[in-house]
Amino acid sequence: MSIDVVSYSAMMGADEEGTLRVLRTHRTAVDSSIRRHGGRIANTAGDSVLAEFTSPVEAVRCALDVQAGVDARNAGMPPDRRMLLRVGVHLDDVIVQDNGDLLGEGVNIAARLQSAADPGGVMVSGEVAGQARAKLPEYGFERLGLPVMKNIVRTVEAFRVVSGARARQIARADVSATPGTPRAHVEGKKSGRGLVIAAAVIAGLLGGAAVAWGIFAIAVQSDKPKAGPADADEAARRKAADADAASRKAAEADAARQQAAAAEAARRKEEQEAAQRRHTRASLTRSLAWADIECSRSRILASAGMSCAASAEYDGVDGRGTFRRWAAGSHGPSAATYAVLVDAVDAGSVHMPLRRDDESEFLLEISSFTRNNAHEWSALNVLGDGFYATFKAADGRACVAFAKPGPARADGVAWVMRGYHCPGGNATLSTDRIASVIGTLKAR
C-alpha cells in the first residue's frame, strides 16, 4: 500500500507548522488503521507511507478505512486545513531489507497506482481487484483500462474502488490479473502534421521578423559613426565581465543545488533512522517477558487498587546501557489508568531524550488498549518537558495519553514514563485535569 498527501508541498508553503500538525493527526489515525488490519509500516518519508499486508483484502479494507477517517476528520476542520490522501494497493513479490524497508517493481507499481488515484480515492491493481471484489460486495471495482506506467515493463490493470450507486452500476465483468504479461498497450504515434504546420508558421514569422530587423538595423546603423579600436576594446571588456558574472552565477546555483541535495539526503536519512528506531522499540514492546509483582516493589509510585508488573532487563534499545520496564494500572467503570516506566537501571545507562516524532508512535504502543481501542487522536501537545495527546476509547470516553521524562543524565534522561488515563462516565479532560493526572503518576 502506498499513501501520499495531495498538494502537500503547496500546503507546506502556505503554512508549514499548521500543515505538520494536521498531518500528525492524520498519520496517527492512519498508522493505527494499518495495525488494526494486520499491516506493517515499512517506510515513511515526509507525507508518504509505504506499508505491507499479509492479505490484499485487508489492505483494501484498510485503504477504505483510512479514507473514511480522513473524511470524518476533515468535516470538523476549516476548508484551508483539510487534507486529502491518495492510496494505491498492489499485490506482488517484494524484497524486504534488513531495516524492514521494501524494494521491487511491486513497490513502484503501488506508487504509480497511488499517483493515479483521485484525491480522497483508492486505486488498486487487477491482482488486488480479482481477490478483493468477492469479499467486498458492497464496493465496486471500476476498470480504468491498461495504463502505461513509466518504467514498468508489464501490463498493469488499474481499478478505482467505488461505493454506493456507482458500485451497483458496475457490471460484474471478469477481472484479469496477468502480472507477467508483456505490455501490449503502446500509445499510438501522434500525427506530426499539426506540429510541422505550427513549426512552419513560427519559422515564417521568425523569418519575416529577421528580414525586417535586418533592414531596420541597416537603416539605423547607416547613420552611426563607425566604431574605432577603443570601442572594440570596451566591448571586449564588457563581454568578459558578463562572462565572469555568468560563470559566478552558475557556480553559485550549482553550489546551492548541491547544498539542497545534501540537506534533503540528510533529512531522508534521519527519517529512515527514526522510522527504524520506532520500529525496533515498538517490536520490543510486544516481545518483552513480563512478571506480576507487588506494587511496593515497583519503581512506579502506584495508587491503591493498581496492579503492577516488571519486565526482564534488556540492552540498548531505548538508549545507551541496560533498561527495565515497570507497569502499573487499574481499569474500572469509574476510571482507567495505565503507566509504563522505561528505566535506565544504573548510573552508566542513559535513556535518549524525548522526541516529538517518536512519541506520536510510542503512545500507540504502550498497551494493547491504545493500539486497538483508541481512535480520534489529537495532535501531540507540549506539557512541560513532555507531551500528551487526547483520544477516544471504544466506549466513547475521552482519554489522554502522555509521555514525560525523568531527571537529566549525561546526554539523555534517567527514565521516561508513558501512560494513559480515561476518566469515568462523560467526564471531560481540561488542560488542568490533564496536568494533574500526569503529575500524580511518579517514579519512586
Side-chain angles (χ1 to χ4, degrees), residues 28-29 32 35-36 281-282 284-286 288-311 318 323-343 351 354 358-407 413-444:
T28 298
S32 179
R35 293 189 189 90
R36 282 198 309 273
R281 292 164 95 181
L284 174 74
T285 300
R286 301 187 185 189
L288 276 178
W290 290 82
D292 294 337
I293 62 170
E294 294 293 331
C295 285
S296 59
R297 296 171 48 208
S298 175
R299 282 271 288 136
I300 298 175
L301 191 60
S303 302
M306 281 187 164
S307 57
C308 298
S311 78
D318 291 292
F323 297 85
R324 191 178 190 186
R325 298 193 179 196
W326 308 83
S330 62
H331 295 79
S334 60
T337 303
Y338 181 78
V340 175
L341 184 74
V342 186
D343 188 25
H351 194 296
L354 288 182
D358 285 346
E359 293 312 313
S360 294
E361 183 94 0
F362 295 152
L363 291 182
L364 288 170
E365 294 292 338
I366 53 180
S367 74
S368 59
F369 182 87
T370 53
R371 203 158 48 234
N372 301 319
N373 299 307
H375 59 99
E376 296 185 29
W377 285 85
S378 74
L380 212 60
N381 299 286
V382 176
L383 182 63
D385 294 329
F387 304 98
Y388 75 89
T390 58
F391 64 90
K392 284 190 177 179
D395 59 6
R397 282 189 293 175
C399 306
V400 60
F402 68 90
K404 67 176 184 179
V413 293
W415 51 259
V416 166
M417 182 182 287
R418 299 183 181 93
Y420 65 81
H421 173 74
C422 301
N426 296 320
T428 58
L429 281 168
S430 64
T431 304
D432 290 342
R433 176 70 183 276
I434 291 171
S436 175
V437 168
I438 296 174
T440 301
L441 292 164
K442 299 177 180 179
R444 292 183 188 275

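The figures here come from the full heavy-atom set of this structure, side chains too, leaving out hydrogens, waters and symmetry mates.
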Within-4.5 Å side-chain heavy-atom neighbours: I293 and S298: yes
Nearest heavy atoms of L429 and C399, plus distance in Å: CD1-C, 3.4 Å
Pairs meeting criterion ring pair (Phe, Tyr, Trp, His ring centres under 6.0 Å) with involvement of residues 364-385, two or more places apart: F369-Y420, W377-F391
S32 OG to E376 CD distance, which is reported to the nearest 0.5 Å: 11.5 Å
Shortest non-hydrogen contact from L363 toward T370: O-OG1, 3.2 Å
Where at least one partner belongs to residues 393-407, residue pairs that pass salt bridge (Lys or Arg N to Asp or Glu O under 4.0 Å), sequence neighbours excluded: D395-R397
OG1 on T28 to CD on E359, rounded to 0.5 Å: 11.5 Å
Close side-chain approach of R418 and L341, heavy atoms under 4.5 Å: no
Salt bridge (Lys or Arg N to Asp or Glu O under 4.0 Å) partners for R324, two or more places apart: none
Closest approach of W326 to R297 (non-hydrogen atoms, all atoms of both residues): CZ3-O, 3.5 Å
Qualifying salt bridge (Lys or Arg N to Asp or Glu O under 4.0 Å) pairs, either residue in residues 425-436, two or more places apart: none
Test item: R325 and D343 side chains (from C-beta on) under 4.5 Å apart, heavy atoms: no
Pairing residues for K442 by the salt bridge (Lys or Arg N to Asp or Glu O under 4.0 Å) criterion, not counting sequence neighbours: none
Closest approach of W415 to P407 (non-hydrogen atoms, all atoms of both residues): NE1-CD, 3.5 Å
Value rounded to 0.5 Å, distance of CD1 in I438 from CZ in F402: 6.0 Å
Gap separating the OG atom of S307 from the CD atom of E294, nearest 0.5 angstrom: 11.0 Å
Closest non-hydrogen atom pair, I300 against A328: CD1-N, 3.8 Å
V340 side chain reached by V416 side chain, heavy atoms, under 4.5 Å: no
Closest approach of L354 to A403 (non-hydrogen atoms, all atoms of both residues): CD1-O, 4.0 Å
All side-chain hydrogen bond (donor to acceptor under 3.5 Å, both in side chains) counterparts of H421, not counting sequence neighbours: T337
